[in-house]
Amino acid sequence: MTEAVKPEDEAKLEEFMARIERGEKIEATDWMPDEYRRILLKFIQMHGVSEIMGAYPEKEWVPKAPTLRRKLGLMSKVQDEVGHGQLLLRVAEELGAPLGVTRESLITDIFHGRTKFHNVFHMESPTWADAGVIGWLVDGAAIIAQTALLDTSYAPYGRVLKRICAEESFHMQHGESIILALAEGTKEQRQMLQDAVNRWWESLYFFFGPPTISRSAELMMKYRIREKTNEQLRQKFLSRYVPRVHSLGLTLPDKNLHYDEATQTWSYTQPDWERWGRMVRENSGPKSQERIALRRQAHEGQRWVREAMVDSPHRAAV
Amino acid sequence: MRLQEAEGLYHPYEVFVQYDHLQHHQHVGSVLAPSPEVALLMARENLLRRERAVNVWVVRKDQIHATDYGDDDFFAQEFDRSYRRVDGYSADNARKWKQFKQRALELEDMLGD
């Protein structure tokens with residue numbers, strides 16, 4: 001049920017939609033319909049939180065990285081992801097301020113189950129090859145999803161995305177460097193890489209979201225927040241990465257996967273949408289609860305630091 | 001002190017980076033921080049992990065005076081301002097120089113000399 005719209009808001013809404021249709025960009029201080037604000041907020045929060053939760057599968061490999069250079073590379077990647085999370089949460093808190101949203105609420109929503117993060121970050125990364133495949137394929141998928149947002153109607157989001165995409169290209173190279181070393185390695189290393197690709201492949205199908213156009217996807221397009229569909233992005237991913245996986249002499253665990261010349265699209269086995277969707281909604285993946293608990297521990301354990309940093313003149317006596 | 005209070009004392013700071021001495025500071029984003037000192041550190045960690053710079057400014061967002069995005073009149077250019085611009089003259093000059101079997105000079109030519 002939508003609330004009754006006041007007549008003056010109706011005129012504003014009409015002008016807003018005209019601006020969107022002319023391809024104009026919206027700034028944080030501009031008037032915007034509540035629906036636009038809420039849908040963007042939810043999306044940017046999920047993006048920011050996914051960046052932060054995305055650091056976890058990889059940070060598990062920092063202490064176990066095979067060389068010092070690999071350790072430094074991985075640490076800087078983990079730091080980038082958390083940094084991206086901070087930039088995005090800045091955009092979200094400004095957008096959400098009229099709704100009472102704060103940095104605190106954006107973060108605590110993670111462990112109160114009030115926001116979601118990408119399916120891939122609920123999964124295990126049991127081998128060093130997983131650390132590589134995350135950079136190669138998960139970041140590759142993320143870049144495809146994020147570059148599709150660069151022309152978004154919400155300017156503060158677009159500006160931050162430009163910076164994020166530049167750094168993601170480092171992540172992609174970094175991941176490729178790891179997997180190429182394994183691909184050129186021993187039989188065991190190649191097997192480890194193949195196993196990691198097998199483990200991640202279905203989750204990468206799900207990553208882009210269902211092929212059906214949901215109500216929120218429809219709104220995202222109407223407001224020109226994002227103009228490509230989930231399926232278009234997934235097809236782009238497959239076109240880029242399937243040939244590369246094969247050229248390394250690796251196989252993909254989907255016997256239905258092939259390029260259909262007639263329709264110019266990739267056919268593939270649909271992932272179990274219901275099972276993956278439930279995992280993300282309920283945070284019931286193999287690593288969801290463990291990583292959420294770590295996030296809560298970091299947030300609550302460092303509370304005293306955040307408080308102690310406040311300028312002393314503002315600090316009340318304890 | 002309760003966290004709620006601390007949160008209220010964290011403020012957005014806009015970040016301006018000067019990448020080298022022959023460039024002005026550029027606005028590159030913002031951070032949320034409890035003091036200007038911490039804002040500078042946050043700016044470095046969030047926005048200068050790779051690029052080199054010579055100076056950073058942080059300015060509390062509520063200290064910035066700005067125009068209104070809705071105020072188009074402020075930026076209105078009622079007149080044709082081609083008389084102020086290179087392209088108000090260059091095409092015509094180039095055509096005439098051609099008659100004198102010369103190519104019109106541009107700033108790039110001077111810089112290249």
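Sequence lines set the chain letters: A, B, ... in the order given, protein chains first and strands last, and positions in each chain run from 1.
- Residues of residues 44-52 of chain B that come closer than 4.5 Å to chain A, counting heavy atoms only, are B:E45, B:N46, B:L47, B:R49, B:R50, B:E51, ordered by residue number.
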ask   = How far apart are the C-alpha atoms of A:D80 and A:K77, what are their side-chain angles, what is the distance that settles it, and do they pass the salt bridge (Lys or Arg N to Asp or Glu O under 4.0 Å) test?
value = CA-CA 5 Å; A:D80 284 347; A:K77 196 195 154 188; over 6 Å; no
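- Separation of atoms CD1 (A:I134) and CD1 (A:I178) is listed at 9.5 Å; rounding is to 0.5 Å.
- Between A:H299 and A:F111, the two ring planes are tilted [angle within 30° to 60°].
- Checked against side-chain contact (heavy atoms from CB on, under 4.5 Å), A:Q173 has the following partners two or more places apart in sequence or in another chain: A:E176.
- Enclosure of atom NE2 in A:H112 by more than 12 non-hydrogen atoms of other residues, nucleotides or ligands within 6.0 angstrom is indicated.
- For the residue pair A:R306/B:Y10, the side-chain donor-acceptor check at 3.5 Å is not satisfied.
- Residues B:Y89 and B:Y83 keep their aromatic ring centres 6.0 Å or farther apart.
- To the nearest 0.5 Å, the span separating NE2 on B:H24 from CG on B:N55 amounts to 13.5 Å.
- Heavy-atom distances place the side chain of A:E94, and not its backbone, under 4.5 Å from chain B.
- Using a 4.5 Å heavy-atom cut-off against chain B, the contacting residues of residues 153-166 of chain A are A:R163.
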message = salt bridge (Lys or Arg N to Asp or Glu O under 4.0 Å) for A:E227 and A:K222? Distances and angles first, verdict last.
response = CA-CA 8 Å; A:E227 299 199 72; A:K222 174 181 134 185; over 6 Å; no
request  = Start with the C-alpha gap between A:R114 and A:T108, add the side-chain angles, then the distance that decides, and say whether side-chain hydrogen bond (donor to acceptor under 3.5 Å, both in side chains) holds.
outcome  = CA-CA 8 Å; A:R114 286 194 289 255; A:T108 53; 4.6 Å; no
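- In this structure, a donor-acceptor pair under 3.5 Å is absent between the side chains of B:R85 and B:S90.
- Using cut-offs of 30° and 60° on the angle between ring planes, the pair B:F16 and B:W57 is tilted.
- In terms of modelled atom types and a separation under 3.5 Å, the side chain of B:S82 and the main chain of B:G88 share no donor-acceptor contact.
- For residues 37-55 of chain A, heavy-atom neighbours of chain B at less than 4.5 Å comprise no residues at all.
- In this structure, A:W304 places its CH2 atom where only 12 or fewer heavy-atom neighbours from other residues, nucleotides or ligands lie under 6.0 Å away.
- When heavy atoms are compared at a cutoff of 4.5 Å, B:V31 approaches chain A solely by way of its backbone atoms N, CA, C and O.
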